[in-house]
Amino acid sequence: MNLNEGQRVYARNFHVNGTGVVVYIAPTRDREMLPVQVEMDEGDEDGHRMYRFKYDEVEAL
């Protein structure tokens, strides 16, 4: 999958799911466990909007 910073995505994992924007992708994809950082459109119950995901947990919109 080819993701870029600034791209709109749908991201989901065990803790959170929804739409957001990719703000960072780790340059060493093979060594980083959660290489894609996404700022979600809506925060969780505590207001957190920034989450990290695996590549297979993120899909481009």
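Residue numbers count from 1 along this sequence.
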Indicate yes or no for a side-chain donor-acceptor contact from [X] to the backbone of [Y] under 3.5 Å, with no hydrogens or angles considered.
X     : Y     : answer
Arg49 : Glu39 : no
Asp46 : His48 : no
Asn4  : Gln7  : no

| query | With the 4.5 Å side-chain cut-off for hydrophobic clustering, are Val38 and Val23 part of the same group? | reply | no
| said: Are Leu34 and Val21 connected into the same hydrophobic cluster when the rule is that any two of I, L, V, M, F, W, Y join if their side-chain heavy atoms are below 4.5 Å apart? | reply: no
| said: Please give me the minimum heavy-atom distance between Val58 and Ala11, naming the atom from each residue. | reply: CG2-CB, 4.2 Å
| task | Search all heavy atoms of Val9 against all heavy atoms of Leu3 and return the closest pair with its distance. | result | CG1-CD2, 4.0 Å
| request: Please report the C-alpha distance between Val16 and Asp44 in whole Å, then the side-chain angles of each, then the deciding distance to 0.1 Å, and finally whether the side chain to side chain contact (heavy atoms under 4.5 Å, CB included) criterion is met. | output: CA-CA 8 Å; Val16 65; Asp44 64 10; 5.7 Å; no
| task | Starting at CD of Glu5, measure out to CD1 of Ile25 and round the result to the nearest 0.5 Å. | result | 5.5 Å
| When rounded to the nearest 0.5 angstrom, what distance separates CZ in Phe53 from CE in Met40? | 4.5 Å
| task | State plainly whether the residues Glu57 and Arg12 are in salt-bridge range, i.e. N to O under 4.0 Å. | result | no
| query | Under 3.5 Å, is there a donor-acceptor pair linking the side chains of Tyr51 and Asn13? | reply | no
| field | Linked hydrophobic residues, Tyr10 as query - side chain contacts closer than 4.5 Å | value | Leu61
